[in-house]
Amino acid sequence: MKSAQQPALRCHYFAIFLIQTLVALVLFGYNHISNNRIINKASIATNCTNSPPLSKNVVVLLWTWPFGTQFSLDKCPKPFDSPRCILTANRSLYNTANAVVLHHRDVCGSKDQMPQVPRPEGQYWVWFNLESPSHSPNLHFMDKLINLTMSFRIDSDIFTPYGWLEQNEVAINYTIPEKSKLVAWIVSNWNPHTRRVQLYEDLKNYIPIDIYGRQHISLATEQTVSVVSKYKFYFSFENSIHTDYITEKLWHNAFASGCVPVVLGPPRENYERLIPSDSFIHVDDFPSAKELASYLLELDKNDQKYQEYFKWRSKLSPVTEFSWIVHYCKACVGLHNAPSYRTASSLGKWFT
Ligand SMILES: *[C@@H]1O[C@H](CO)[C@@H](O)[C@H](O)[C@H]1NC(C)=O
Ligand SMILES: *[C@@H]1O[C@H](CO)[C@@H](O)[C@H](O)[C@H]1NC(C)=O
Ligand SMILES: *[C@@H]1O[C@H](CO)[C@@H](O)[C@H](O)[C@H]1NC(C)=O
């Protein structure tokens, strides 16, 4: 084993030396190098025998910080780390960047917010958006400019959901947090004309519901999990209904808190593409608010039936922490496998 790895490692160090000298980038710290050795032996070895390693490096430029939020780009967390990914927000690197990530909400205000300089040959423009189509104006700005899409849509070139499930290495015995209350809902935009508020108005006639958020009981973001975990059910009601648009309302507010989510969003089949069928209650499964409420009350009285909604947790764990860096790291990894030419003629026809 040991001797077989040696040439690959030496080659790898040579590759790093080349990269550092030629591109003069100081982004590869020593930590990076030793990490790569452990994780990516196989791909490094292939790299050495095929093409020059330099051509496999991927430089990804964040055209803007998403919503102006800055964070460290030095290191991609596992398993989204890749030895040949360099993330930067320095626009001076535009001409050498393999990809430029355009975060929709930071560039859709006016065409001037897009890069105004000619695009270097072979550079990908990656359209990044986690907002729903209802809150994504001016999609036509992107027509005939974008090469790759990156969003919560499963059929994006780079899929960046709000959360996902990981297989547990061994079955675990998940402990349901202690429950003393019934239903919680956090809502910041209270619009009486929306289906979710109308549904609430109906439901509250049959079942007690505690509402948190602006105009209601105030709740600091850091306290969401500790407060909400005392409830048996959480209303994961999306602000608008679109394919695959399943947000932190499910992943963080309900799953991270150990609540059973009652979901309002795309159809049940859409949820089932991402999470087990017995992990949630869908409002569309019930002909009326009254019947939904009586089902929740029935589960409240029947512990065994309630606990069935946690069975999946022995095999799967939800990853629920939202993290900008992970999304950009996914872009970098995705670009290693991107087709050499690709274009998206009209986002507006697809992102609906
Ligand atoms: C951006 O990159 C240029 C060229 O490599 C460098 O001179 C400059 O100091 C960098 N700016 C920042 C803020 O890191
Ligand atoms: C899981 O934990 C509960 C409560 O501690 C216990 O009753 C049950 O036997 C455990 N199940 C397994 C499979 O370990
Ligand atoms: C990206 O899309 C633009 C616009 O369609 C196109 O001119 C360019 O060749 C594409 N680049 C790649 C690498 O696919």
Side-chain angles (χ1 to χ4, degrees), residues 16-32 47 50-76 82 84-104 106-108 110-129 136 138-151 153 155-160 324-325 327-352:
I16 295 292
F17 171 75
L18 260 186
I19 291 161
Q20 285 184 329
T21 320
L22 296 178
V23 194
L25 280 168
V26 284
L27 292 163
F28 271 102
Y30 197 75
N31 267 346
H32 249 99
N47 200 13
N50 291 346
S51 48
L54 194 60
S55 67
K56 298 275 171 125
N57 230 9
V58 169
V59 176
V60 174
L61 170 64
L62 283 64
W63 184 246
T64 62
W65 291 105
F67 297 114
T69 313
Q70 297 196 13
F71 43 88
S72 166
L73 298 174
D74 291 347
K75 206 164 187 266
C76 283
S82 155
R84 286 162 274 111
C85 281
I86 294 163
L87 299 175
T88 178
N90 186 343
R91 286 190 185 178
S92 312
L93 298 180
Y94 176 82
N95 280 318
T96 51
N98 299 87
V100 175
V101 180
L102 303 164
H103 180 245
H104 187 73
D106 299 323
V107 295
C108 70
S110 114
K111 284 191 173 171
D112 300 343
Q113 294 171 314
M114 302 279 283
Q116 301 295 316
V117 268
R119 186 181 331 197
E121 200 181 329
Q123 184 182 79
Y124 300 94
W125 284 14
V126 181
W127 178 78
F128 178 34
N129 189 16
S136 304
N138 292 333
L139 287 171
H140 64 276
F141 281 9
M142 307 296 149
D143 286 356
K144 302 195 179 76
L145 290 177
I146 294 304
N147 303 102
L148 301 167
T149 56
M150 171 157 130
S151 80
R153 279 280 298 254
D155 57 356
S156 301
D157 297 299
I158 297 152
F159 176 41
T160 50
W324 286 114
I325 182 77
H327 297 316
Y328 289 98
C329 295
K330 282 185 181 174
C332 212
V333 173
L335 279 155
H336 283 293
N337 309 314
S340 58
Y341 176 81
R342 182 136 162 68
T343 182
S345 59
S346 168
L347 287 180
K349 287 199 188 118
W350 166 71
F351 196 71
T352 56

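These numbers were taken from a predicted model, which means no experiment stands behind them. Remember, it's 1-based here, ligands and their atoms both numbered in the order they're listed.
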Just to check, does E121 reach to within less than 4.0 Å of ligand 3 when the distance is taken from its heavy atoms?
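Per 4.0 Å heavy-atom rule, E121 does not contact ligand 3.
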
So for S340, does at least one of its heavy atoms come nearer than 4.0 angstrom to any atom of ligand 3?
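Within the 4.0 Å threshold, so yes.
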
Which pairs would a plain distance check flag for residues 62-72, meaning a side-chain donor or acceptor within less than 3.5 Å of a matching protein atom at least two apart in sequence or in another chain?
residue : atom : partner : partner atom : Å
W63     : NE1  : Q113    : O            : 2.8
T64     : OG1  : D106    : OD2          : 2.9
T69     : OG1  : P66     : O            : 3.1
S72     : OG   : D74     : N            : 3.2

Kindly check if C76 and C329 bring their SG atoms closer than 2.5 angstrom.
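Yes - the two cysteines, C329 and C76, have SG atoms within less than 2.5 Å of each other.
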
Does any non-hydrogen side-chain atom of [Y] lie less than 4.5 Å from one of [X]?
{"X": "C85", "Y": "L335", "result": "no"}
{"X": "D157", "Y": "V126", "result": "no"}
{"X": "H103", "Y": "W324", "result": "yes"}

Protein residues having a heavy atom less than 4.0 Å from any atom of ligand 1:
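These residues qualify: N90, S92.
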
Among T96, N98, L93, N57, which residue meets the side chain to side chain contact (heavy atoms under 4.5 Å, CB included) test with I86?
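So the option named by the test is N57.
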
Which ligand 3 atoms, with their elements, are less than 4.0 angstrom from a heavy-atom of G122?
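With G122 as reference, the close atoms of ligand 3 come out as 13 (C).
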
Where ligand 3 meets Y124 - atom numbers and elements under 4.0 angstrom, heavy-atom basis:
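Selected atoms, number and element: 13 (C).
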
For T88 and N90, which I'm curious about, is there any donor-acceptor pair between the side chains at under 3.5 Å?
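Looking only at side-chain atoms, N90 and T88 do not form any donor-acceptor pair under 3.5 Å.
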
Sidechain-backbone polar pair: T149 side chain, W127 backbone, donor-acceptor under 3.5 Å:
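Not a single qualifying donor-acceptor pair exists.
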
Between R119 and ligand 3, which part of the residue brings a heavy atom under 4.0 Å of the ligand: side chain, backbone, both or neither?
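Side chain only; the backbone of R119 stays clear of ligand 3.
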
